[in-house]
Amino acid sequence: MIQSPYIRKPASVQRVMFTVLLALTPGIAAYVWQVGAGILVNLAIASATAVAAEALVRRLRGRPIAPAIGDLSALVTAWLVVLCFPPIVPWWVTVVAVTLAIAAVKHLYGGLGQNPFNPAMVAYCAMIVAFPSLMSQWPPAGGLDFATQLDLILGGARNLDAITGATALDALRTGLRGAESVDAILRQPPFGTLGGRGWEWIAAGYLAGGLLLLALRVITWHMPVAFLATLAATAGAFWLANPAQFASPLFHLASGGAMLAAFFIVTDPVSGATTPLGKIIFAAGIGLIAYLIRAFGAFPEGIAFAVLLMNLCVPLIDMKTQPRVFGHRRGKSP
Amino acid sequence: MKDRYTATRTSLRTAGIMLLFTLVFTALMAGTYRITAPAIEASELAERMRLINDVLPPENYDNVLLEDFVEVGPVAELGLDQGGRIYRARRNGEPAALILEAVAPDGYAGRIRLAVGVDTGGRLTGIRVTAHRETPGLGDYIDPKKDRERAKPWIGQFANISFAEVAPERWAVRRDGGAFAYRIGATISARAVTDAAGRALAWANERRDALFAAETGSRI
Amino acid sequence: MSSYIFIVIGAVLVNNVVLVRMLGLCPFMGVSKKLETAIGMGAATTFVLTLGAGTSYLIDRYLLQPNDLAYLRTLSFIVVIAAIVQLTELVIHKTSPLLHRVLGIYLPLITTNCAVLGVPLLNVGLNHNLFESLLFGFGSSLGFTLVLVLFAGIRERLDGADVPAPFKGTAIAMITAGFMSLAFMGFAGLDRFH
Amino acid sequence: MTLQGFRDSAFNGLWKQNPGLVQLLGLCPILAVSSTMVNAVSLGLATILVMAVANLAVSVLRNFIPYEIRIPVFILIIAALVTMVDLSFNAYFHELYLVLGIFIPLIVTNCIVLARIEAFAAKNDPLSSTLDGILMGLGLVWVLAVLGGARELIGSGTLFAGIDMIFPNLAPIEVFGHDYPGFLIAILPPGAFFALGCLIALFNWLNTRATVRAHVRPKPVAEPAVVGETSAAS
Amino acid sequence: MTKRLHRFKGGVDLDYHKAESAGVPIRSAPLPPRLIVPLRQNARSVAHGIVTAGEHVLKGQRIGEAEGVLGTAVHAPTSGTVIEVTEHPMAHPSGLDTHCVVIEPDGDERWVALEPLDHRSIDRQSALNRLREAGVVGLGGAAFPSHVKLGSGTGVDTVVINGAECEPWITCDDRLMRERADQILAGAAILSDLIGAKRVLVGIEDNKPEAIAAMRAAAAAQAAPIEIVAIPTVYPAGGEKQLIRVLTGIEIPHGRLGTDFGVQCFNVGTAAAVHRAFALGEPLVSRIVTLAGNVERPGNYEVLIGTPVASLLELAEPRADTDRYILGGPMMGFALPDLSVPVIKGTNCVLSASPTLFPRSKPPLPCIRCGECARACPAELQPFELYWFAHSRNFGKAQEYHLFDCIECGCCSYVCPSHIPLVDYYRYAKSEIWARERETRAADGARERFEFRNFRQEREKAEKAAKLAAKAAETKAKLAQTETAPAPAPTEAAPQSEDDAKRALIAAALERAKQQKAAAKPKNTEDLSAATLAEIAEIEARRKALGLSEGDAGDVRPALPTLPGPTTAATPPAPPGGDPEPLAREDRP
Amino acid sequence: MLTALLIMAAIALVLGAALGFASIRFKVVGDPLVEKIDAILPQTQCGQCGYPGCKPYAQAIANGEADINQCPPGGEEGIRKLADLLGREFKPLSEEFGVEKPKAVARIDEQTCIGCTLCIQACPVDAIVGAAKQMHTVVEPLCTGCELCVAPCPVDCITMEPVAETVETWKWKYPVIEIRKRA
Ligand SMILES: Cc1cc2nc3c(=O)[nH]c(=O)nc-3n(C[C@H](O)[C@H](O)[C@H](O)COP(=O)(O)O)c2cc1C
Ligand SMILES: Cc1cc2nc3c(=O)[nH]c(=O)nc-3n(C[C@H](O)[C@H](O)[C@H](O)COP(=O)(O)O)c2cc1C
Ligand SMILES: Cc1cc2nc3c(=O)[nH]c(=O)nc-3n(C[C@H](O)[C@H](O)[C@H](O)COP(=O)(O)O)c2cc1C
Ligand SMILES: Cc1cc2nc3c(=O)[nH]c(=O)nc-3n(C[C@H](O)[C@H](O)[C@H](O)CO)c2cc1C
Ligand code: SF4
Ligand code: SF4
Ligand code: SF4
Ligand code: SF4
Ligand code: FES
């Protein structure tokens with residue numbers, strides 16, 4: 001017996017995920033423009049892997065395959081994996097990473113909606129721990145031509161010192177380790193006006209997409225605002241204390257994955273906190289930990305680890321920030 | 001049940017039994033210790049000697065190295081902020097080489113501890129990493145045990161190098177315009193070790209005579 | 001001062017006893033099914049571990065080292081820890097029935113938590129002084145409590161998840177612990193200056 | 001001990017009540033030293049030794065141990081044995097001793113040792129107790145060996161790395177050749193958890209399959225229905 | 001009017017579809033051939049039938065007596081003959097049967113003598129009693145007895161009249177307000193008097209301008225302090241708590257009554273019914289029902305309680321592709337399992353549904369915790385958490401997350417992008433929790449009685465043993481006096497062990513029995529008539545035939561097939577292994 | 001060697017004495033666990049678990065003598081709760097002790113009843129009323145459905161009837177059915 005309500009809003013998971021994919025396109029466009037079209041190859045590889053992995057696992061479990069692929073969530077995961085990775089990472093790293101994200105992180109917990117960890121971020125963390133050298137080779141500022149990128153992706157010679165470089169964040173920490181001052185480092189080639197050279201544009205693309213998501217009410221303001229504000233505030237505090245040792249907040253906002261994370265990663269509904277206050281705590285925690293890892297930790301980019309660390313806290317955050325229920329006084333259980 | 005177990009009585013009884021067991025098993029342990037002690041001492045010695053042999057081939061000296069040392073206080077050049085021990089190798093009573101402890105403070109994931117051998121000719125006899133926390137698979141090639149190039153480990157390039165072969169201004173990794181090889185993607189580790197080795201060598205060259213002259217076990 | 005802070009940060013986050021040093025895993029897997037029990041176990045362990053670290057240090061420093069009896073460490077430490085556990089139980093039973101109800105069932109389990117022996121042994125290895133030993137013990141147990149509580153939170157949420165049959169129960173818990181451990185690797189280097 | 005009893009004991013120790021997979025005891029050494037097979041097996045053998053001797057000792061002495069202090073006495077016995085093993089490793093396998101580090105003394109708190117003493121040795125005759133110790137220990141060892149082998153293979157592409165610490169004239173095998181990039185995470189702490197998790201899952205899966213086979217017609221198990229795989233009842 | 005309105009969080013915007021049926025005036029539904037009047041008015045209370053088959057009843061004659069605190073009387077909706085008092089499916093999602101009085105109308109619609117009454121002329125309690133006797137219950141849907149809601153008559157200063165009618169399609173209250181505004185206001189005034197309120201607020205969603213206008217016009221003519229307030233159209237503005245919140249800013253938590261906060265809420269139809277109960281003396285025998293949806297002639301009808309839905313539907317002419325009929329609105333109603341069910345006092349709408357009008361929901365996907373539902377929930381709950389717990393049957397947690405604050409409005413299901421039937425899970429969880437509470441209560445009672453029984457048995461045993469001991473001592477003394485042979489074993493042993501005490505007891509009973517010269521007694525029974533004995537013999541024979549051994553009476557034999565009693569004694573014995581009858585009955589769908 | 005023995009001896013003495021003292025002084029009395037277990041059991045008092053009532057079974061579980069899967073009336077749900085309480089793994093009901101059945105109540109056929117009172121004596125919860133030589137009836141709400149009265153009846157007039165669902169006891173069903181296809 002089907003029960004009420006008998007009418008439903010025309011909304012679907014597919015639509016939500018499609019919107020997210022759509023919102024990623026400005027960022028990807030900027031990426032292609034600034035860094036090269038190699039990323040598109042990676043996106044294709046990752047998408048195919050995601051669909052295959054999803055289908056395979058569902059098949060193994062004897063569950064219908066079509067709805068799971070139709071919901072497009074695997075593609076979101078796959079795209080985000082690629083966008084976090086260096087664009088010239090060999091194809092098999094992408095394949096391993098996406099398979100890990102989909103088969104292990106998502107489906108071992110029962111599939112869509114049930115994973116306590118952000119699949120894309122687990123994939124990133126696992127890969128940077130497993131293959132630190134491959135994962136820290138980025139195309140140099142100014143980009144590489146498509147042929148070279150393709151060659152690298154398909155497994156071409158990797159030990160070409162000349163063609164790879166460091167990201168802005170990596171260069172910054174390398175420079176700081178060499179006891180140079182921030183100002184001197186920021187005049188080096190990988191840096192542009194705000195963040196890494198060219199990366200400002202990509203960040204702007206993500207920002208545009210993020211605003212679209214906000215406008216379409218796919219995400220709420222809590223997480224992006226809390227994340228960016230905390231990141232900026234922490235960076236600002238250290239910067240004010242010692243501008244020679246710490247980069248400015250604007251640099252931190254514009255470099256690495258900050259913008260992508262603010263609107264597309266921190267906001268993952270499945271593995272994130274859900275209550276309004278919880279969302280703020282969750283995202284602020286990511287901002288803080290990400291900065292600490294960037295500035296003091298062993299990894300140049302700390303957002304992925306910060307996301308996982310806050311994923312760990314989600315059940316407790318949600319539990320402790322349950323909003324007041326209609327008619328009840330705050331914090332009082334029945 | 002003849003008599004009630006009072007608390008004191010039980011305590012005494014259990015304590016007694018406990019005591020018995022303790023004595024028996026402690027005796028067993030102590031016995032084992034007696035038996036194994038010489039072997040343990042030998043193994044520990046062998047372990048230390050293995051490291052020293054890596055840094056300074058044994059044919060270079062004939063004294064009892066481990067008994068010929070000086071203590072140094074904190075030395076900035078060696079990165080030692082707690083002080084350390086310097087062994088002195090002699091051949092036929094003549095100074096032959098020094099074995100220093102050094103610390104590279106600027107490794108990728110923290111300090112890298114080194115053992116550095118310097119002979120009287122101002123030549124490095126060898127370097128070994130004794131403790132580090134560099135990223136496995138990336139920066140850990142500085143430890144020859146982890147180096148994929150087993151036949152020709154990276155750290156081997158420092159053997160028999162002096163400032164005559166590599167001038168102090170070129171004492172750096174190639175990426176920094178120097179003479180020493182490094183591995184792509186993990187320059188920092190290489191740079192840290194190279195720099196520390198250079199500093200240690202310079203320091204040893206400067207203090208050699210004072211170091212050899214000092215009384216064994218004395219503090220400089 | 002800052003070195004003390006780094007001892008704590010190191011013990012809680014960077015070299016977490018459970019996730020990095022891999023000690024105390026049996027209670028970590030065993031009493032993390034419910035949040036409440038996890039908190040109780042955490043509290044009990046914190047108490048015993050801190051106390052045990054201090055006492056062990058004293059025994060080692062003033063009884064064993066002077067007499068060159070390093071080989072008695074394991075034995076004397078564990079015996080003393082067992083005593084602490086028993087006496088703690090005794091004392092709180094007498095003084096605070098409430099606390100006893102909360103911690104009582106966990107106390108006996110602590111003797112076989114290897115972190116309780118492992119931390120004092122690590123203290124010896126790291127050449128900590130009395131205060132550092134206490135701090136390290138406290139930090140480690142704090143780290144234990146932290147991950148235990150977080151883990152319990154996640155496991156409670158996993159209760160209703162449609163985990164593939166072979167992975168139900170401990171297998172998925174183990175894998176979750178793996179992801180936790182991966183996440184904690186992010187803290188690597190934060191105690192660099194120590 | 002009868003043959004049947006032996007078989008039961010063996011089945012329990014090696015499979016049904018496997019300490020590492022079912023009882024989840026002694027996890028710390030299982031996870032911590034299984035980054036290479038040699039380390040894993042060495043510690044496993046040390047544990048067997050301790051378990052067998054401790055079980056023997058306790059079952060011989062069981063009638064002299066008052067109930068109230070049985071636990072301290074057990075711990076005492078174990079600790080003494082462990083120290084003896086520790087000293088022996090230090091003396092005769094010094095390199096291995098350095099690698100296994102803190103985990104040899106920690107056999108003392110390895111829950112499985114105490115658990116078996118409590119559950120078995122304190123109630124049974126010396127022969128079966130010793131056997132039980134050995135079999136439970138073997139259960140631990142095979143898990144350690146499988147885990148160590150898998151992690152080592154995936155993580156660095158070798159097998160028996162460090163075998164030269166025990167048999168100086170043997171060398172490790174490079175299974176995937178020299179160019180294997182090494183999936184490092186397998187030998188790091190997270191890899192330990194993943195590997196054991198997967199091993200437990202495999203174990204569960206084999207057990208379920210065996211039950212299903214045994215029962216020809218499987219009993220319907222009431223499993224919660226799941227949204228996504230379901231549709232509203234109509 | 002410049003009343004400052006409050007807001008409630010959540011809610012959804014819907015397609016209201018009011019125009020279809022709101023344009024047509026209320027018509028009277030024709031008399032159906034049969035009226036099936038359920039004696040149960042809601043899940044919690046049932047009336048006690050006082051008529052029997054064959055009896056002739058008049059319209060408005062009482063046929064069911066109010067029972068219990070929550071009971072109200074039930075009346076014949078028309079004059080006619082009671083055909084039977086029987087079990088009939090009721091308008092309830094379960095489709096289960098309930099006691100119903102089936103009346104065949106005589107077509108005369110002859111009323112019983114009606115006694116109008118001025119509520120001011122009698123004391124409050126009598127006035128409430130009048131409502132109870134007139135069968136007035138809430139017409140807003142829950143059919144909760146109005147006299148109960150009127151409570152103690154103190155502490156309430158505001159009566160809220162609910163004219164929101166926020167569910168799509170339904171327009172019965174709209175029409176009622178347009179056509180009978182004065183009745184509603186008169187009823188509201190009575191309610192206000194009875195509850196001791198100082199003001200009346202009527203909340204009407206602003207998508208019903210005509211109703212607002214009509215009500216305002218009527219209110220202007222009234223002296224009483226009645227305020228008609230247009231409220232924003234948001235589903236579920238008509239929910240009692242939401243409406244009170246909008247009109248007064250007061251939030252009433254779950255489990256508390258409006259009266260605790262000084263407000264009480266009644267539906268407009270209820271107000272009108274109250275007015276009629278006093279001014280005309282009419283009991284509640286009809287109500288207005290909207291017929292809408294996939295029909296040719298939507299509209300509102302004045303329908304007698306007990307009219308089968310099937311005969312009502314004919315008036316609206318459902319289109320051919322109609323596949324379901326929904327009682328109530330699309331958000332909170334339920335699909336009828338059976339069209340023969342009668343209209344009851346809470347029935348406000350019969351909606352004809354077709355796949356195009358109300359498309360079947362797509363198969364659900366897992367919850368992605370997007371939080372849409374939480375944003376829509378007017379109770380400010382976290383519906384996905386409730387869902388997660390209900391889904392994994394973690395009812396304790398579900399309650400911790402305030403499951404029972406859920407008003408089942410359906411907003412969450414409406415917005416969920418994963419198409420999860422969230423409310424179904426809440427309904428399921430709630431009824432499981434209730435069932436568990438019942439079980440726990442039963443178990444507690446059983447434990448108590450079991451313990452008491454054990455205690456009693458112990459005591460009796462002790463008493464008997466004591467008595468026996470005394471007797472034994474006496475006997476012994478006697479025996480000693482008469483100086484006969486050594487005392488017989490049983491008496492000697494009696495005080496020593498319970499077993500012996502029992503044996504002695506039995507022996508004593510046997511003695512007594514013998515003295516009473518009772519007939520032969522199979523298995524310790526006495527005084528059986530010859531007929532019974534024969535029966536027993538026969539049964540015994542059958543037992544033997546079935547291969548059931550005797551003498552294991554003390555064993556637990558759960559699977560023992562029980563044999564039919566004497567009614568079937570003449571029929572041949574059931575074949576061995578035959579299904580025991582009771583078990584067969586239980587798998588009724 | 002001697003110092004080792006002395007030091008350990010001192011530790012052992014202190015410890016042994018303290019523990020022995022503690023074991024006598026602080027004996028644990030009372031077991032609240034039994035109450036908690038008993039609260040979960042359905043109180044049908046049917047004895048199917050092999051114990052003469054729910055409380056004894058609870059006691060047996062607490063003592064570790066009985067497993068948690070022996071109570072058919074409690075069913076899977078009950079086992080789940082016990083597993084939760086005791087921190088053990090859930091296991092299905094042991095078939096040895098019976099199967100879970102829908103709740104039923106006893107009904108005495110009043111025509112056949114001979115008033116022997118045997119059922120009254122059998123009923124653990126006093127759910128049967130009647131006096132000797134008079135007709136007996138089961139007070140339905142009190143009957144736990146334990147079936148203990150069925151066997152003793154000499155004329156087999158007691159039947160177990162499943163409790164019919166009413167609007168009050170009707171439950172909404174679990175919202176979904178599985179359409180999972182088997183691989
Ligand atoms: C990541 C993953 C790995 C799996 N590995 C295996 C496997 O090794 N062997 C196997 O038969 N099934 C494997 N399966 C499939 C399910 O375990 C198997 O179909 C299960 O018994 C069905 O689970 P269900 O009853 O919960 O759907 C795997 C499933 C997943 C998601
Ligand atoms: C996770 C991670 C770990 C790293 N570990 C090391 C390391 O141990 N040693 C090192 O020299 N560089 C390490 N790096 C690389 C540095 O960040 C830096 O890119 C490199 O040392 C300098 O780059 P280059 O060698 O290409 O000049 C690591 C990078 C990442 C992302
Ligand atoms: C979600 C929801 C929506 C409701 N909508 C209305 C409505 O539109 N009109 C109405 O009169 N009652 C509505 N009710 C019922 C009211 O909450 C309340 O029971 C009724 O107004 C009380 O009046 P009564 O006792 O006179 O029926 C709704 C209830 C709920 C839970
Ligand atoms: C706003 C939004 C953000 C998302 N972010 C992520 C993400 O960071 N990582 C990811 O794997 N999936 C992401 N997804 C997709 C989906 O939620 C994810 O696959 C689930 O975690 C799988 O259960 C996102 C989806 C939405 C709607
Ligand atoms: S609207 Fe649906 S998918 Fe979104 S959180 Fe609520 S239940 Fe989950
Ligand atoms: S049905 Fe319940 S949970 Fe859902 S929106 Fe309405 S009140 Fe909230
Ligand atoms: S089987 Fe269950 S209901 Fe029956 S007596 Fe035992 S515990 Fe009680
Ligand atoms: S009447 Fe019968 S079935 Fe019911 S409780 Fe009593 S003995 Fe049990
Ligand atoms: S082995 Fe059990 S806690 Fe470490």
Side-chain angles (χ1 to χ4, degrees), chain E residues 40 43-44 90 92-94 96 98 363-364 393 421 424-425 427-428 430-432 434-435 438-440 442-447 449-454 522-528 532 535-536 539 543 552-558 560 562-567 569 580-583 585-586, chain F residues 38-39 41-48 53-55 72 77 80 98 101-102 104 107 109-112 114-116 118 122-127 132-133 141-142 144 146-148 150-162 164-176 179:
Chain E
R40 175 185 289 281
R44 273 165 299 192
M90 97 182 252
H92 184 266
S94 67
L96 285 173
T98 191
R393 299 180 169 84
D424 297 10
Y425 281 97
R427 293 181 180 126
Y428 158 75
K430 284 181 186 175
S431 59
E432 280 300 322
W434 284 323
R438 279 196 301 272
E439 267 164 30
T440 317
D444 289 346
R447 182 186 301 117
R449 291 196 307 280
F450 178 62
E451 273 159 14
F452 177 69
R453 170 180 173 270
N454 288 350
K523 297 189 174 178
N524 301 349
T525 46
E526 324 166 330
D527 245 355
L528 297 180
T532 324
E535 236 166 62
I536 292 173
I539 289 163
R543 283 169 71 107
D552 48 358
D555 283 359
V556 184
R557 283 179 299 165
L560 189 75
T562 45
L563 292 165
T567 36
E581 219 245 318
L583 281 179
R585 211 188 291 166
E586 134 240 349
Chain F
D38 192 42
L41 297 175
Q43 304 303 326
T44 309
Q45 317 293 3
C46 62
Q48 286 183 72
C54 301
K55 187 74 163 270
E77 181 61 34
R80 225 174 276 279
K101 284 190 278 191
R107 202 182 60 81
D109 185 330
E110 299 175 354
Q111 312 297 312
T112 323
I114 51 175
C116 66
L118 283 178
C123 179
V125 294
D126 289 344
K133 283 171 276 179
L142 301 188
T144 63
C146 71
E147 305 190 359
L148 291 181
V150 175
C153 177
V155 291
D156 280 342
C157 70
I158 305 182
T159 49
M160 298 305 297
E161 309 224 332
E165 208 171 32
T166 68
V167 176
E168 275 107 343
T169 60
W170 176 78
K171 295 194 282 190
W172 290 92
K173 301 297 171 284
Y174 195 76
V176 289
I179 55 162

Chemist: I need the residue from E:Arg40, E:Lys430, E:Met90 with the largest number of non-hydrogen atom pairs under 4.5 Å to chain F.
Modeler: E:Arg40
Chemist: Can you measure from CD (E:Glu451) to CD (F:Gln43) and round to the nearest 0.5 angstrom?
Modeler: 7.5 Å
Chemist: Would you call F:Pro124 and E:Arg453 a side-chain contact if the rule is heavy atoms closer than 4.5 Å?
Modeler: yes
Chemist: Side chain, backbone, both or neither: which part of F:Thr144 has a heavy atom under 4.5 Å from chain E?
Modeler: side chain
Chemist: Can you tell me which of F:Thr169, F:Leu41, F:Thr44 forms the most heavy-atom pairs within a distance under 4.5 Å of chain E?
Modeler: F:Thr169
Chemist: Is chain E contacted by the side chain of F:Thr166, its backbone, both, or neither, given a heavy-atom distance below 4.5 Å?
Modeler: backbone
Chemist: Side chain, backbone, both or neither: which part of E:Ser94 has a non-hydrogen atom closer than 4.5 Å to chain F?
Modeler: both
Chemist: Can you tell me how far OH of F:Tyr174 sits from CZ of E:Arg393, rounded to the nearest 0.5 angstrom?
Modeler: 4.5 Å
Chemist: Can you tell me how far apart CD (E:Glu432) and CD (F:Glu77) are? Round to the nearest 0.5 Å.
Modeler: 8.0 Å
Chemist: Would you name the heavy atoms of E:Arg449 and F:Leu142 that are closest together and state the gap between them?
Modeler: NH2-O, 2.7 Å
Chemist: Has the side chain of E:Arg447 got a donor or acceptor atom that lies under 3.5 Å from a matching backbone atom of F:Asp38?
Modeler: yes
Chemist: Considering all heavy atoms of both residues, which atom of F:Pro42 and which atom of E:Ala443 are nearest to each other, and what is their separation?
Modeler: O-CB, 3.5 Å
Chemist: Side-chain contact test, heavy atoms from C-beta onward, threshold under 4.5 Å: evaluate it for F:Lys55 versus E:Phe450 and give yes or no.
Modeler: no
Chemist: If I measure from the heavy atoms of chain E, does F:Ala127 come under 4.5 Å with its side chain, its backbone, both, or neither?
Modeler: neither
Chemist: What pair of heavy atoms forms the shortest contact from E:Leu96 to F:Val167, and how long is it?
Modeler: CD1-N, 3.9 Å
Chemist: To the nearest 0.5 Å, how far apart are CD in F:Glu168 and CZ in E:Arg438?
Modeler: 8.5 Å
